[in-house]
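These notes concern the structure reproduced below.
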Amino acid sequence: MRFSNKVAVITGAAQGIGEGVARRLAEEGARVALLDLDLQGAERVAATLPGDALALRCDVSQRDQVEDSLERVQQRFGRLDVLVCNAGLTRDNLIHKMTDDDWDRVIDTHLKGSFLCCRAAQRYMVDQRYGKIVLMSSRAALGNRGQSNYAAAKAGLQGMARVLAMELGPFNINVNAIAPGHIETEMTRATAARIGIDYQQLQEKTIQANAIKRVGQPEDIAAAAAFLAADEAGFITGQVLWVAGRPTV
Ligand SMILES: NC(=O)c1ccc[n+]([C@@H]2O[C@H](COP(=O)([O-])OP(=O)(O)OC[C@H]3O[C@@H](n4cnc5c(N)ncnc54)[C@H](O)[C@@H]3O)[C@@H](O)[C@H]2O)c1
């Protein structure tokens with residue numbers, strides 16, 4: 001029960017990795033707020049969690065929605081200890097086919113969305129002199145064909161984690177990033193569909209390249225996020241934790 005008396009906000013928590021993180025933190029005692037574009041999905045997850053959970057519709061790329069959501073979390077739970085910036089999407093295309101909209105949607109969701117959430121959350125965390133922020137990067141930060149937008153955003157988040165760690169550390173706020181490899185979620189299912197292979201084939205390709213002979217599950221990332229958000233990781237900040245089933249960098 002590492003998160004008794006703690007309040008956690010997880011973005012993109014209606015499914016996949018965000019759902020897994022919300023579940024893990026709630027199972028360890030946190031009161032959680034699930035922010036997602038998909039309110040019904042967030043409500044569905046919230047209803048299955050132990051303890052007090054709040055589902056809010058929020059587009060993380062919109063400043064007003066982010067600030068309003070965190071204000072509502074503060075009103076409901078009275079504090080904000082953990083922020084996991086996880087909301088995301090892909091709009092893959094080779095550069096000659098990538099549209100402005102493909103670029104903007106991905107950068108606005110991952111990079112600007114995380115910026116807006118961190119800026120809003122740090123106000124509460126600085127006042128408390130306590131906070132844990134986890135940004136969801138990706139192994140794709142190292143480069144993936146068709147993902148110039150996504151790789152740029154995910155590499156950007158690693159830089160942001162380092163800078164925010166420097167700026168917020170004096171206020172007892174830790175900021176780290178997780179870089180998952182292939183995790184079994186709707187996002188990787190959509191990737192298989194885009195490149196025109198079935199999901200099993202994509203998974204087998206990943207498993208061949210992995211040292212650990214399986215693909216990842218949301219629970220693998222939830223365990224890493226819970227570790228970085230827990231007090232036992234209090235001297236770890238500005239780091240990228242690669243959770244990819246193989247050595248990376
Ligand atoms: N699945 C993987 O293999 C993998 C690998 C590396 C990194 N990631 C990252 O992990 C995170 C979660 O991915 P996932 O696989 O669970 O994806 P997913 O598609 O299953 O879930 C993403 C969630 O984010 C929400 N969302 C999208 N845009 C949003 C916005 N503007 N505001 C609020 N919510 C929004 C969606 O509604 C959805 O519930 C993403 O940041 C993704 O880039 C995933």
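All ligand and atom numbering here is 1-based and tracks the order in the structure. When reading the values below, keep in mind they use all heavy atoms of this one structure, side chains included, and skip hydrogens, waters and symmetry mates.
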Worksheet item: Relative to the heavy atoms of Met136, which atoms of ligand 1 are at a distance of less than 4.0 Å?
Response: 9 (C), 10 (O), 11 (C)
Worksheet, complete the sentence: ligand 1 to His182, heavy atom cutoff 4.0 Å, flagged ligand atoms 3 (O)
Worksheet item: At a 4.0 Å threshold, what atoms of ligand 1 neighbour a non-hydrogen atom of Gly12?
Response: 23 (C), 24 (O), 25 (C)
Item to complete: Could you establish whether Cys58 and ligand 1 come within less than 4.0 Å of each other, counting only heavy atoms on the residue side?
Response: yes
Worksheet entry | Residue pair Arg119, Arg63: steps toward the side-chain contact (heavy atoms from CB on, under 4.5 Å) verdict | CA-CA 10 Å; Arg119 188 177 62 182; Arg63 185 187 65 215; 3.3 Å; yes
Worksheet item: With atoms numbered from 1 as shown, which atoms in ligand 1 lie under 4.0 angstrom from a non-hydrogen atom of Gly16?
Response: 16 (O), 20 (O)
Discussion item. Quick check on Gln200: does its CD atom have over 12 non-hydrogen neighbours (other residues, nucleotides or ligands) under 6.0 Å away?
Written reply: no
Item to complete: Tell me which protein heavy atom sits closest to atom 30 (C) of ligand 1, plus the residue, atom name and distance to 0.1 Å.
Response: Leu37 CG, 3.6 Å
Worksheet item: For ligand 1, which atoms sit closer than 4.0 Å to a heavy atom of Ser138?
Response: 6 (C), 7 (C)
Worksheet item: Between Asp81, Asn174, Thr237, which is the residue that forms a side-chain hydrogen bond (donor to acceptor under 3.5 Å, both in side chains) with Lys132?
Response: Asn174
Fill in: Atom CD of Gln201: over 12 foreign heavy atoms under 6.0 Å
yes
Practice prompt. May I ask you to check if ligand 1 and Asp38 share an N or O to N or O distance below 3.5 Å?
Written response: no
Discussion item. Between Thr99 and Arg91, does the side chain to side chain donor-acceptor pair (under 3.5 Å) criterion hold? Intermediate values first, please.
Written reply: CA-CA 9 Å; Thr99 64; Arg91 288 288 181 276; over 6 Å; no
Discussion item. Taking a cutoff of less than 4.0 Å between a non-hydrogen atom of the residue and any ligand atom, is Gly181 in contact with ligand 1?
Written reply: yes
Item to complete: Evaluate the side-chain contact (heavy atoms from CB on, under 4.5 Å) criterion for residues Gln15 and Arg44: first the C-alpha distance (whole Å), next the side-chain angles of each, then the deciding distance (0.1 Å), finally the verdict.
Response: CA-CA 9 Å; Gln15 61 182 45; Arg44 203 168 42 241; over 6 Å; no
Worksheet entry | Contact check, Arg139 vs ligand 1, heavy-atom distance below 4.0 Å | no
Fill in: Sub-4.0 Å heavy-atom approach of Asp36 to ligand 1
yes
Fill in: N or O pair under 3.5 Å between Ile183 and ligand 1
yes
Worksheet entry | Nearest non-hydrogen protein atom, atom 17 (O) of ligand 1 | Met187 CB, 3.6 Å
Worksheet entry | Close N or O approach (Thr188, ligand 1; < 3.5 Å) | no
Discussion item. Below 4.0 Å, non-hydrogen atoms only: which portion of Lys154 touches ligand 1? Side chain, backbone, both or neither.
Written reply: side chain
Item to complete: Check Thr185 against ligand 1 and report side chain, backbone, both or neither, counting heavy atoms closer than 4.0 Å.
Response: side chain
Worksheet item: Does Arg24 reach the side chain of Arg2, with side-chain heavy atoms less than 4.5 Å apart?
Response: yes
Worksheet, complete the sentence: Residue, atom and distance of the protein heavy atom nearest atom 43 (O) of ligand 1 read Tyr150 OH, 2.5 Å
Discussion item. Tell me whether the count of non-hydrogen atoms from other residues, nucleotides or ligands lying under 6.0 Å of CD1 in Ile236 goes above 12.
Written reply: yes
Worksheet entry | Test of proximity, Asp59 against ligand 1: N or O pairs below 3.5 Å | yes
Discussion item. Yes or no: does Gln62 have any heavy atom under 4.0 Å from an atom of ligand 1?
Written reply: no
Item to complete: May I ask whether Ser137 places a heavy atom under 4.0 Å from ligand 1?
Response: yes
Worksheet item: N/O of Ser61 under 3.5 Å from N/O of ligand 1, yes or no?
Response: no
Practice prompt. Identify the protein heavy atom lying closest to atom 20 (O) of ligand 1, giving its residue, its atom name and the separation to 0.1 Å.
Written response: Gln15 NE2, 2.8 Å
Practice prompt. Quick one: look up the protein heavy atom nearest atom 22 (C) of ligand 1 and list residue, atom name and how far away it is.
Written response: Gly88 O, 3.6 Å
Discussion item. Counting non-hydrogen protein atoms only, what is the nearest one to atom 32 (N) of ligand 1? Give residue, atom name and distance.
Written reply: Val60 N, 3.0 Å
Worksheet item: Do ligand 1 and Leu35 have nitrogen or oxygen atoms that lie under 3.5 Å from each other?
Response: no
Worksheet, complete the sentence: To the nearest 0.5 Å, atom CG of Leu241 lies from atom CG of Leu228 at 5.5 Å
Fill in: Atoms in ligand 1 with a heavy atom of His110 nearer than 4.0 Å
41 (O), 43 (O)
Discussion item. Which residue is it: Ile221, Asp220, Thr185? I am looking for the one with a side-chain contact (heavy atoms from CB on, under 4.5 Å) to Pro180.
Written reply: Ile221
Practice prompt. Any atoms of ligand 1 less than 4.0 Å from a non-hydrogen atom of Asn86? List them with their elements.
Written response: 10 (O), 11 (C), 12 (C), 40 (C), 41 (O)
Worksheet item: Of the protein's non-hydrogen atoms, which lies at the shortest distance from atom 16 (O) of ligand 1, and what is that distance?
Response: Ile17 N, 2.8 Å
Discussion item. For atom 35 (C) of ligand 1, what is the closest protein heavy atom, and at what distance to 0.1 Å?
Written reply: Ala87 CB, 3.6 Å
Fill in: Any Leu89 heavy atom less than 4.0 Å to ligand 1
no
